Every structure is written in structure tokens, then in C-alpha cells.
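Keep in mind the model is a prediction, meaning the values are calculated, not measured. Note on naming: letters A, B, ... go to the chains in the order of the sequence lines (proteins, then strands), and numbering restarts at 1 for each one.
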2 protein chains.
Amino acid sequence: MADSLHDAIEARLEQAGNRYTRGRRRLIEVLLEAGRPLTVRELLERGERLSTSSVYRNLGVLEASRVLRQIPSVGDDGVRVELHEDLAGQHHHLDCSSCGQLIDIVLPAEVELALSRACRAVQRATGFRADGHRLELFGMCRSCQ
Amino acid sequence: MADSLHDAIEARLEQAGNRYTRGRRRLIEVLLEAGRPLTVRELLERGERLSTSSVYRNLGVLEASRVLRQIPSVGDDGVRVELHEDLAGQHHHLDCSSCGQLIDIVLPAEVELALSRACRAVQRATGFRADGHRLELFGMCRSCQ
DNA sequence: CTACGTGCAAACGGTTTGCACTAGA
DNA sequence: TCTAGTGCAAACCGTTTGCACGTAG
């Protein structure tokens with residue numbers, strides 16, 4: 001599956017003047033295998049031959065090349081990382097307050113539509129140029145209840 | 001205005017077995033005066049006689065007593081703090097990618113309604129018990145454009 | 001050859017903690 | 001009086017950086 005995904009990633013990197021090196025590919029593959037946002041710690045644990053500093057540097061490069069996205073978190077386990085929405089499809093997150101895990105969800109089209117309209121309304125009303133939005137539901141996942 | 005707000009805060013603290021001390025009151029007043037989410041650094045700069053460790057400890061207490069809320073951020077300036085939604089009213093945030101500031105916004109009731117319905121739909125579909133939601137619009141504020 | 005990428009170890013900085021002291025009921 | 005709260009300084013830990021080496025083009 002998805003050699004085309006790697007091709008798209010390489011294209012974005014090269015467009016930004018960067019290479020799709022082995023280390024960067026390993027990082028992406030760990031992320032794809034997980035199928036959910038991972039912390040840097042999780043990336044390092046799951047990936048072979050990933051070093052801390054290169055992971056952080058590559059997060060910067062991959063984010064600037066619009067391949068990845070960093071998700072802020074209140075917890076003490078640092079930033080989480082996922083594929084950019086252009087590559088992974090538009091989705092949002094459930095944030096379990098008990099186990100701290102993020103779970104991907106896709107909202108009904110009508111809700112996304114309402115959100116997009118709200119963004120444009122805010123833009124007209126406040127002058128804030130909204131490039132995107134993030135919705136997070138917090139609560140407790142099925143297995144933690 | 002809003003002695004009743006301080007009364008409500010005191011009630012919540014006492015319900016959780018804590019006191020509404022001077023330090024905690026000073027922290028709340030700095031936050032009220034700002035009228036937007038503040039970082040810990042900003043709290044310390046604006047407040048007289050606030051010490052780092054007490055601020056962090058009090059954030060924990062005030063959050064556990066449902067008086068405050070911490071907002072995660074990707075930036076390097078740490079967590080941001082605002083009044084709990086029960087006290088401040090339901091609202092969301094514009095996140096300027098240039099200056100990093102968070103701006104409060106209130107969404108049209110119809111959008112909030114759609115979001116609430118979406119939460120319940122997710123609950124039925126996935127078993128995730130959603131206690132609340134957070135929407136963030138990112139882009140660039142009027143003065144940074 | 002030359003610039004980009006990598007790994008190690010040290011530095012950095014936001015947050016937490018140990019401990020002695022203070023204040024509120 | 002007695003427990004909760006506070007301030008200082010040190011510890012902690014996620015993240016960044018300097019530097020020497022490796023690698024792709």
C-alpha cells in the first residue's frame with residue numbers, strides 16, 4: 001500500500017529543498033504503523049535507529065514541509081505527532097483524560113460544513129484569517145470508563 | 001463587578017477542601033484583568049508577589065477545583081491558563097501563528113448545537129464518553145497579516 | 001567536493017519537588 | 001494549635017544546540 005504516499009511525502013520535502021532520507025522514512029513508517037498520533041518517546045521506542053536529536057530536527061523539517069503536524073498536549077509526555085491533514089484526511093481527536101491517548105475520529109460531513117462556515121463567519125466578523133481548525137473532544141474512552 | 005464570581009470560586013475551592021487564599025486570589029485577578037488566556041510567564045510578570053512554584057501548585061489546585069483550565073500549546077512558551085468554562089461561559093480560541101496569542105471567541109449558537117450533537121453521536125458510535133469539546137481556529141490575526 | 005543529515009553529549013528552560021517557614025481556621 | 005499554603009533553590013526532564021562525522025548528489 002501507499003507507495004504513492006511516500007512519493008507525495010518526497011515531493012513535499014523536495015519542494016521545500018529537503019531530502020527524503022532513511023531516517024525520515026523510518027520515522028514516517030513508525031507513525032503509519034501506529035495509526036494514531038504518537039509522542040516523541042513512543043516514536044523513539046518503536047523505531048529502530050532513531051536518535052532523539054534527529055527526530056526533533058526532522059519533526060521540524062517535516063512540519064515545515066507540510067508532511068507532519070505537531071499536536072499540543074497538556075500532559076507531561078510532550079508533543080504528539082501525526083501526518084499532515086492533506087495526507088491523512090481531515091479528522092479530529094478524542095482525548096481520554098484517564099489514559100491520555102488520542103484517538104482519531106472523522107466527523108459527519110454536515111458538522112465539518114458547519115465548522116467551515118463558522119470559520120468564514122469569524123473571518124468576516126473579526127478579520128482573523130482562519131487557515132484551519134482543530135476540534136478535540138475530551139472525556140473517557142470506552143476501556144477506561 | 002463580580003464579587004459573586006469570587007464567591008463562586010471560593011465555593012468550588014471549599015467544596016474540594018481548599019482555601020481561597022491571597023495568592024490564589026491575586027492569580028485569579030491577574031487573569032480576569034487580562035481577559036484572555038495567559039502563560040505562566042505572563043502571570044508572573046503581571047502579578048505582584050506571585051512565586052513560580054506557588055503559581056504552578058495553585059494551577060493544579062484551581063484546575064482540580066474546576067476554577068481554571070489549562071490550554072495546551074505547541075509553542076515554547078508553556079501552558080496557558082484561563083477561567084473554567086462554567087465560570088467564563090462557553091467559548092473557543094483563535095490561535096495566531098505569527099504572534100502566538102490566543103483570542104477568545106463565542107460561536108453562533110447553531111454551531112455549538114451542531115458540535116454538541118456531534119459529541120453525542122460520537123459517544124453512541126464509539127463508546128467514548130465526551131465531557132466537553134475544544135475548538136481552535138488557527139491562522140493569522142488582523143494585526144499580523 | 002560540498003552541502004545536507006546524523007549522533008552524541010552538553011546546554012537550555014519550563015515545571016516539579018524538598019524543606020523550612022508562614023498564615024488561616 | 002495544627003494543617004494548608006508559600007518561597008527558595010535544587011532537581012527533573014523534554015527539547016535544543018555545538019560539533020565532529022557520515023552520506024547523497
* **Ionic contact status for Glu42(B) with Arg36(B), cut-off 4.0 Å** => yes

* To do: Would you mind reading off the distance between Tyr20(B) atom OH and dA25(C) atom P, rounded to a whole angstrom?
  => 14 Å

* Structure fact -> Contact string for nucleotides 5-12 of chain D, one letter per nucleotide 5' to 3', B = base within protein heavy-atom range under 4.0 Å, S = sugar-phosphate only, - = neither, reads SBBBB---

* Structure fact -> To the nearest angstrom, the CD-C1' distance between Glu10(A) and dA24(D) comes to 12 Å

* Verify the distance criterion only: is there a donor paired with an acceptor across the side chains of His84(A) and Glu63(A) at less than 3.5 Å? => no

* **Leu68(B) CG to Leu87(B) CG distance, which is reported to the nearest 0.5 Å** => 8.5 Å

* Structure fact -> Leu27(A) CG to dT6(C) P, in whole Å, measures 10 Å

* Check the distance between dT23(D)'s P and Arg25(A)'s CZ and give it to me in whole angstrom. => 19 Å

* Name all residues meeting the salt bridge (Lys or Arg N to Asp or Glu O under 4.0 Å) criterion together with Arg134(A); count only those two or more places apart in sequence or in a different chain, and write none if there are none. => Glu136(B)

* Asked: Would you call Arg41(B) and Asp77(B) a salt bridge, taking side-chain N to carboxylate O under 4.0 Å as the test?
  -> no

* Asked: In whole angstrom, what separates Glu63(A)'s CD from dT16(D)'s P?
  -> 11 Å

* Asked: Could you give the CG-to-C1' distance, from Leu44(A) to dG7(C), as a whole number of Å?
  -> 12 Å

* Which residues satisfy the side chain to side chain contact (heavy atoms under 4.5 Å, CB included) test with Gln145(A), sequence neighbours excluded? -> Met140(A), Arg129(B)

